[in-house]
Student: 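Take a look at this one; I'll ask things after.
Every chain is numbered from 1 and lettered A, B, ... according to where its sequence line falls, protein lines coming before strand lines.
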Protein chains: 2
Amino acid sequence: MKISTLSEATGLSIDTLRFYEKIGLIDPPPRDDAGRRDYPEDVIGWIGFLGQLNATGMPQSERIRYAKLRRRGAETYTERRELLEAHREVIRERLALLQDTMALMDRKVEIYRDLESNALIAQENEE
Amino acid sequence: MKISTLSEATGLSIDTLRFYEKIGLIDPPPRDDAGRRDYPEDVIGWIGFLGQLNATGMPQSERIRYAKLRRRGAETYTERRELLEAHREVIRERLALLQDTMALMDRKVEIYRDLESNALIAQENEE
DNA sequence: TCTTGAGCTGGAGTGCGCTCCAGCCCGTAA
DNA sequence: TTACGGGCTGGAGCGCACTCCAGCTCAAGA
């Protein structure tokens, strides 16, 4: 798969794909005769997983660490599991915070609705 | 309240408090005779609210917009409500993503556990 | 009186995570 | 055969959200 295809498939820009390779998030793919990257199909799944770690707040350094462990194969199962377990805790905390804030938004929205209708009534009384 | 007290109360650094004032997130507080900031008590609550918006992913520019609307008082109730409603939708999406990813972490952790015990069995069989 | 420390200002610097650019090579279609 | 589009490299630049710094003033305690 060419880099432009992968870019479309993943939503990452071509520059970002090359950048991810440079910092070690993606394995350097084989090249064709002209020296152009030729990605294996399964990199799409890996990039999707990286995207989820990213979107849930795992810092670059940790994603790189995970990618490096992955490259070392079976001997790093335990470390990888521990890393994901730690991230799960981060997610748990974020979930709690988001739920709190969601409830707060709900309350505030109601408060503003009340204030808006009071303002309206005040206006009517003026007429 | 002096800036050091506010810093301790909110967990924001003194530099960050001055920075927030500069960009319009916090109202410029009155000064004492020596020109030092003297914050009103209620700024703590406001900063806490800003913190929640921040931690749930509202960008600086939007927080500044909200702060400016707030300064204009009652005439901006509707705009403020709409802004919070929009943020509520962002939070909803993030919640969904976090929940998905949490489930994924659970599955992956289980997979790694299996792999680890299989590796152990293989090792035993070697002996 | 002197020293210490908290606070002040304007502006430079930082780390993260990309994003863009110049200048090059190469394969395909007209 | 030449023009074009896509890909390549190394390195510079960027936007966000702070963070740090030099050099100053001022108040209060020893």
Student: May I have the distance from B/Ile23 (atom CD1) to C/dG10 (atom C1'), rounded to whole angstrom?
Tutor: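 B/Ile23 atom CD1 is separated from C/dG10 atom C1' by 16 Å.
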Student: Looking at A/Arg31, I'd like to know whether one of its side-chain N or O atoms comes within less than 4.0 Å of OP1 or OP2 on C/dC26.
Tutor: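 Answer is no, no contact under 4.0 Å.
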Student: Quantify the bending of the helix from C/dT1-D/dA30 to C/dA30-D/dT1 as the angle between its end axes, each fitted on five pairs, to 10°.
Tutor: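 Inter-axis angle at the termini of the helix from C/dT1-D/dA30 to C/dA30-D/dT1: 20°.
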Student: When the distance from OH of B/Tyr39 to C1' of C/dC8 is rounded to whole Å, what number comes out?
Tutor: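 Checked: the OH to C1' distance equals 11 Å.
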Student: Once the angle between the rings of A/Tyr77 and B/Tyr112 is folded into 0 to 90°, is it parallel (under 30°), tilted (30 to 60°) or perpendicular (over 60°)?
Tutor: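 Tilted.
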Student: May I have the distance from A/Asp38 (atom CG) to D/dG6 (atom P), rounded to whole angstrom?
Tutor: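 One finds 18 Å between P of D/dG6 and CG of A/Asp38, rounded.
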Student: How close or far is atom C1' of C/dC8 from atom NZ of B/Lys2, stated in whole angstroms?
Tutor: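 Roughly 14 Å, once rounded to whole Å.
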Student: Among residues at least two apart in sequence or on other chains, which ones pass side-chain hydrogen bond (donor to acceptor under 3.5 Å, both in side chains) with A/Glu93?
Tutor: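 With sequence neighbours excluded, A/Glu93 shows a side-chain hydrogen bond (donor to acceptor under 3.5 Å, both in side chains) to no residue whatsoever.
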Student: Verify the distance criterion only: is there a donor paired with an acceptor across the side chains of A/Ser7 and A/Ser4 at less than 3.5 Å?
Tutor: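 Note: A/Ser7 and A/Ser4 side chains miss the donor-acceptor criterion.
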Student: Can you run down the salt bridge (charged side-chain N to carboxylate O under 4.0 Å, His left out) pairs that involve residues 50-68 of chain A, sequence neighbours left out, and say none if there aren't any?
Tutor: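 Those involving residues 50-68 of chain A are A/Arg65-A/Glu79.
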Student: Write down the distance between CG (A/Leu50) and C1' (C/dG17), rounded to a whole number of angstrom.
Tutor: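 These atoms are roughly 14 Å apart.
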Student: Could you tell me if the side chain of A/Arg70 sits less than 4.5 Å from the side chain of A/Arg80, heavy atoms only?
Tutor: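 Answer yes - side chains close enough.
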Student: Report all side-chain donor-acceptor pairs from residues 20-30 of chain A shorter than 3.5 Å, counting only partners two or more places apart or in another chain.
Tutor:
from, atom 1, to, atom 2, distance (Å)
A/Glu21, OE1, A/Arg37, NE, 2.7
A/Asp27, OD1, A/Arg71, NE, 2.5
A/Asp27, OD1, A/Arg71, NH2, 3.4

Student: What residues, two or more places apart in sequence or in another chain, satisfy side chain to side chain contact (heavy atoms under 4.5 Å, CB included) together with A/Asp114?
Tutor: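 None.
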Student: For a quick check, with a 4.0 angstrom heavy-atom cut-off, what is the B/S/- contact string for nucleotides 14-30 of chain D, read 5' to 3'?
Tutor: ---SBBB-----SS---
Student: Rounded to whole angstroms, how far apart are CG on A/Asp32 and P on C/dC25?
Tutor: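 Roughly 17 Å, once rounded to whole Å.
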Student: Does B/Leu97 share a hydrophobic cluster with A/Leu98, counting links as ILVMFWY side-chain heavy atoms below 4.5 Å and allowing steps through other members?
Tutor: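 In one cluster with B/Leu97: A/Leu98, no.
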Student: Using whole Å, report how far CD of A/Glu21 lies from C1' of D/dT9.
Tutor: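 Distance, rounded to whole Å: 12 Å.
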Student: Crowded around A/Asp33 CG? As in, over 12 foreign heavy atoms under 6.0 Å?
Tutor: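 Open: at most 12 neighbouring heavy atoms sit under 6.0 Å from CG of A/Asp33.
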Student: Just compare D/dT9, C/dC8, D/dG7 and give me whichever is closest to any side-chain atom of A/Arg37.
Tutor: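 Nearest listed nucleotide: D/dT9.
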Student: B/Leu17 CG to C/dT9 C1': how many Å, rounded?
Tutor: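 Answer to the nearest Å: 16 Å.
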